[in-house]
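Worksheet: the structure to be examined is printed underneath.
Predicted model, so just to flag it, every value in this text is computed and none were measured.
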Amino acid sequence: MNIASPRNSQNDIEIADGLRRCKGDNAYRKPNAEKRFLLVDDSIEVRFSVRRVLRSAGATHIDVAENGEIALQMLAQAGRKQTPYDVVILDYMMPGMSGIELLYEIERRDIKNAEGTRKIMLTGFYDAKVNEEAKSVGATFVLSKPCDAASLSAAIA
């Protein structure tokens with residue numbers, strides 16, 4: 001994820017289109033400092049970059065999972081403790097379990113309190129089919145990599 005890259009026009013369109021889908025979710029109108037974030041990506045470089053953007057946007061609670069299975073465990077534990085994540089940022093392409101498969105598993109396992117979690121998928125392989133499938137299983141936004149800080153900040157707002 002190249003945070004310094006020029007703005008991605010596809011992401012601008014996605015943000016404008018996705019904001020109406022956020023109303024009523026756990027993150028809606030909550031300050032970033034009060035939101036609980038879960039970042040799921042197998043790339044340490046992407047995790048570092050996204051955490052940096054989240055912190056600069058005021059986030060203070062950022063948990064990290066390097067794969068989908070760990071993320072499912074963390075989501076389930078947060079649901080059981082009645083402390084659901086407000087925002088999950090996940091990668092589309094991960095070994096073992098892709099971001100799409102992770103979204104399907106969240107839905108299939110009916111993880112407690114996960115229905116109100118805003119799910120943001122990041123992908124370097126953006127196309128209309130990926131976008132449609134991700135949204136059909138719960139993604140609020142599907143952002144293309146490279147994703148600039150402004151687009152990610154807008155998606156978590």
Side-chain angles (χ1 to χ4, degrees), residues 1 3 11 14-123 130-145 147-157:
M1 181 162 169
I3 299 301
N11 286 349
E14 181 66 18
I15 296 298
D17 181 53
L19 290 176
R20 73 182 188 296
R21 291 190 300 271
C22 296
K23 292 185 178 163
D25 70 11
N26 294 347
Y28 187 66
R29 295 197 179 195
K30 187 187 264 188
N32 287 337
E34 296 176 14
K35 293 176 188 168
R36 290 175 38 85
F37 291 88
L38 175 59
L39 171 58
V40 187
D41 200 298
D42 60 308
S43 167
I44 193 166
E45 293 87 5
V46 171
R47 292 192 308 259
F48 178 81
S49 295
V50 171
R51 272 193 305 225
R52 190 177 70 222
V53 171
L54 294 175
R55 285 187 186 121
S56 71
T60 57
H61 185 108
I62 307 165
D63 289 336
V64 176
E66 61 188 40
N67 63 53
E69 196 56 50
I70 293 170
L72 286 170
Q73 293 169 11
M74 293 172 76
L75 285 160
Q77 182 179 22
R80 284 191 302 274
K81 290 182 174 182
Q82 300 293 317
T83 57
Y85 289 100
D86 299 296
V87 180
V88 174
I89 301 169
L90 60 150
D91 187 23
Y92 171 73
M93 184 71 72
M94 295 183 288
M97 181 184 300
S98 73
I100 293 284
E101 292 167 331
L102 175 56
L103 290 173
Y104 275 113
E105 280 299 304
I106 291 168
E107 189 173 273
R108 186 185 75 76
R109 295 183 189 192
D110 195 26
I111 294 176
K112 190 174 183 176
N113 298 316
E115 67 280 349
T117 299
R118 184 177 304 170
K119 298 161 191 87
I120 301 169
M121 181 172 291
L122 303 177
T123 180
V130 168
N131 190 328
E132 185 179 321
E133 184 177 16
K135 288 179 181 172
S136 75
V137 289
T140 307
F141 297 100
V142 180
L143 301 178
S144 297
K145 293 179 188 175
C147 180
D148 59 278
S151 294
L152 186 56
S153 294
I156 66 168

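- Taking each heavy atom of Val142 and Ala134 in turn, the nearest pair found is CG2-CB, 3.7 Å.
- Residue pairs meeting the salt bridge (charged side-chain N to carboxylate O under 4.0 Å, His left out) criterion with at least one partner in residues 87-101, sequence neighbours excluded, are Asp91-Lys145.
- A heavy-atom distance below 4.5 Å is found between the side chains of Ile100 and Met121.
- A donor-acceptor distance shorter than 3.5 angstrom exists from the side chain of Asp86 to the backbone of Arg36, with no hydrogens or angles considered.
- For Ser43, the side chain to side chain contact (heavy atoms under 4.5 Å, CB included) partners at least two apart in sequence or on another chain are Asp41, Glu45, Val46.
- When the shell of 6.0 Å around CD of Glu105 is examined, it contains more than 12 heavy atoms from other residues, nucleotides or ligands.
- In this structure the side chain of Leu72 reaches within 4.5 angstrom of the side chain of Met97, judged on heavy atoms.
- Screening Thr117, Asn26, Asp63 for a side-chain hydrogen bond (donor to acceptor under 3.5 Å, both in side chains) with Tyr85, the sole residue that qualifies is Asp63.
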### Query
Do Ile106 and Val88 pass the side-chain contact (heavy atoms from CB on, under 4.5 Å) test, and can you show the C-alpha distance, the side-chain angles, and the key distance before you say yes or no?
CA-CA 11 Å; Ile106 291 168; Val88 174; 5.6 Å; no
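- Rounding to the nearest 0.5 Å places CD1 of Ile120 at 7.0 Å from OG1 of Thr140.
- Around the CD atom of Glu132, the shell of radius 6.0 Å holds no more than 12 heavy atoms that belong to other residues, nucleotides or ligands.
- Using modelled atom types, one side-chain atom of Lys119 and one backbone atom of Ala114 make a donor-acceptor pair closer than 3.5 Å.
- Taking the side chain as every heavy atom from C-beta outward, Arg118 and Val87 approach each other to under 4.5 Å.
- For Ala57, the side chain to side chain contact (heavy atoms under 4.5 Å, CB included) partners two or more places apart in sequence, or in a different chain, are Asn32, Ser153, Ile156.
- For the pair Leu90/Leu103, a side-chain contact is recorded, criterion being any heavy-atom separation below 4.5 Å from C-beta on.
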